[in-house]
Amino acid sequence: IAAGDSISICFGDSITLNTNGATQAIWFPANGLSSTNSLNPVANPSVTTTYYIIGTNNSGCYSSDSVVVVVNPNPTLTFSLPNTICSNGAPITLSASPTGGTFSGPGVTSGSRCNGCPPEFVPSSAGIGLHTIIYNYTDPITGCSASVNQTIEVLSTPTASAGINQTICSGSGEILS
């Protein structure tokens with residue numbers, strides 16, 4: 001009987017365990033398994049787990065094997081934006097940890113102001129309103145991925161007006177409204 005080589009999954013994922021050479025099987029421990037007596041149970045452990053199998057064939061002969069399911073953590077991501085910005089505000093440079101992911105959402109540019117510039121949120125491109133900016137990242141070593149989002153509100157820019165031009169005589173006062 002053969003249960004296969006070690007398998008790596010990301011936290012929250014599942015994997016089908018394959019058995020070769022048996023017609024009946026008992027798997028243990030039961031934690032994270034869809035079935036303990038299936039030839040090919042689905043494993044969804046929350047921590048790295050060694051699963052053992054005892055299998056029998058049609059002749060009644062039995063054998064055992066094991067397989068390690070390595071559970072890799074999903075990346076922990078952080079990035080932040082101000083809650084609000086005026087529509088005529090300067091672009092905001094976007095950065096996150098860990099680096100190497102991608103930003104998306106309304107008003108997000110891929111550093112188009114220069115070659116190699118970091119991505120930015122451009123409020124005038126996003127437009128007035130509430131916008132969700134998403135950061136996606138995949139760990140290059142484990143292949144596990146995660147995303148995080150932040151909301152930013154682009155506010156309309158107030159219009160300032162000092163009124164019409166007025167001429168006054170020197171020494172006299174005028175009230176501006």
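We use all heavy atoms of the structure for the numbers below, so side chains are in, but hydrogens, waters and symmetry mates are not.
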*Asks:* Has the side chain of S125 got a donor or acceptor atom that lies under 3.5 Å from a matching backbone atom of G107?
*Replies:* no

*Asks:* With hydrophobic residues grouped by side-chain heavy-atom distances under 4.5 Å, do L81 and I134 end up in a single group?
*Replies:* no

*Asks:* Which heavy-atom pair separates E120 from L94 by the least distance, and what is that distance?
*Replies:*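 Here E120 and L94 meet closest at C-CD1, 3.8 Å.
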
*Asks:* To the nearest 0.5 Å, tell me how far L17 CG sits from L33 CG.
*Replies:*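 Going from the CG atom of L17 to the CG atom of L33 covers 6.5 Å.
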
*Asks:* If every non-hydrogen atom of G89 is compared with every non-hydrogen atom of P123, which pair is closest and at what distance?
*Replies:*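 For G89 versus P123, the nearest heavy atoms are O-CG, 3.3 Å.
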
*Asks:* Say you draw a straight line from OG1 of T102 to CG of N136; how long is it, rounded to the nearest 0.5 Å?
*Replies:* 4.5 Å

*Asks:* Taking all non-hydrogen atoms of both residues into account, name the closest pair between S38 and W27 and its distance.
*Replies:*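 Where S38 meets W27 most closely, the heavy atoms are O-NE1, 2.9 Å.
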
*Asks:* I need the I128 CD1 to T157 OG1 distance, nearest 0.5 Å.
*Replies:* 7.0 Å

*Asks:* Provide the closest heavy-atom pair for I133 versus F79 in the form atom of the first, atom of the second, distance.
*Replies:* O-CZ, 3.5 Å

*Asks:* Please report the C-alpha distance between S64 and Y52 in whole Å, then the side-chain angles of each, then the deciding distance to 0.1 Å, and finally whether the side-chain contact (heavy atoms from CB on, under 4.5 Å) criterion is met.
*Replies:* CA-CA 7 Å; S64 63; Y52 300 91; over 6 Å; no

*Asks:* Report yes if some heavy atom in the side chain of V67 is under 4.5 Å from a heavy atom in the side chain of S6; otherwise report no.
*Replies:*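 Not in contact.
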
*Asks:* Are the side chains of D139 and S145 in touch, meaning some heavy atoms are under 4.5 Å apart?
*Replies:*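 No, too far: nothing below the 4.5 Å cut-off.
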
*Asks:* Go through the steps to decide whether N72 and T142 satisfy the test side-chain hydrogen bond (donor to acceptor under 3.5 Å, both in side chains), and finish with yes or no.
*Replies:* CA-CA 7 Å; N72 292 306; T142 66; 5.2 Å; no

*Asks:* Rounded at 0.5 Å granularity, tell me how far CG in N18 sits from CD1 in I7.
*Replies:*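 That separation rounds to 7.5 Å.
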
*Asks:* Considering residues, nucleotides and ligands other than F28, do more than 12 of their heavy atoms fall under 6.0 Å from its CZ?
*Replies:* yes

*Asks:* In this structure, would V148 and V108 fall into the same cluster of hydrophobic residues linked by side-chain contacts under 4.5 Å?
*Replies:*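 Linked within one cluster.
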
*Asks:* Is there side-chain contact between P45 and I9, with heavy atoms separated by less than 4.5 Å?
*Replies:* yes

*Asks:* In sequence, state the C-alpha distance, the side-chain angles, and the governing distance for I152 and I85, and then conclude on side-chain contact (heavy atoms from CB on, under 4.5 Å).
*Replies:* CA-CA 7 Å; I152 185 169; I85 188 170; 3.8 Å; yes

*Asks:* Using the rule given for side-chain hydrogen bond (donor to acceptor under 3.5 Å, both in side chains), can you reason through S156 versus S87, listing the C-alpha separation, both sets of side-chain angles and the distance that settles it, and then say yes or no?
*Replies:* CA-CA 6 Å; S156 61; S87 61; over 6 Å; no

*Asks:* If you take the centroid of each ring, where Trp contributes its six-membered ring, are F103 and F121 closer together than 6.0 Å?
*Replies:* no

*Asks:* Considering all heavy atoms of both residues, which atom of G127 and which atom of V154 are nearest to each other, and what is their separation?
*Replies:* O-CB, 3.2 Å

*Asks:* Quick one, N149 with Y135, criterion side-chain contact (heavy atoms from CB on, under 4.5 Å). Give me CA distance, side-chain angles, the key distance, then yes/no.
*Replies:* CA-CA 6 Å; N149 63 63; Y135 180 67; over 6 Å; no

*Asks:* Among the clusters formed by ILVMFWY side chains lying less than 4.5 Å apart, do I15 and F11 turn up in the same one?
*Replies:*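 They do share one cluster, since a chain of ILVMFWY contacts under 4.5 Å joins I15 to F11.
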
*Asks:* Just by modelled atom types, is the C61 backbone N or O under 3.5 Å from a matching donor or acceptor in the T56 side chain?
*Replies:* no

*Asks:* For the atom pair CG (N31) and OG (S46), what is the distance rounded to the nearest 0.5 Å?
*Replies:* 8.0 Å

*Asks:* Under 3.5 Å, is there a donor-acceptor pair linking the side chains of N37 and S35?
*Replies:* yes

*Asks:* From D13 CG over to C144 SG, what is the distance, rounded to the nearest 0.5 angstrom?
*Replies:*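 Rounded to the nearest 0.5 Å, the CG-SG separation comes out at 7.0 Å.
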
*Asks:* Taking all non-hydrogen atoms of both residues, which atom of C10 and which atom of V71 are closest, and how far apart?
*Replies:*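 Distance-wise, the nearest heavy atoms are C-CG1, 4.4 Å.
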
*Asks:* So do the side chains of S66 and Y51 get within less than 4.5 Å of each other, counting heavy atoms only?
*Replies:* no

*Asks:* Using side-chain contact (heavy atoms from CB on, under 4.5 Å), reason through V68 and V70 one step at a time and then give a plain yes or no.
*Replies:* CA-CA 6 Å; V68 177; V70 176; 4.0 Å; yes

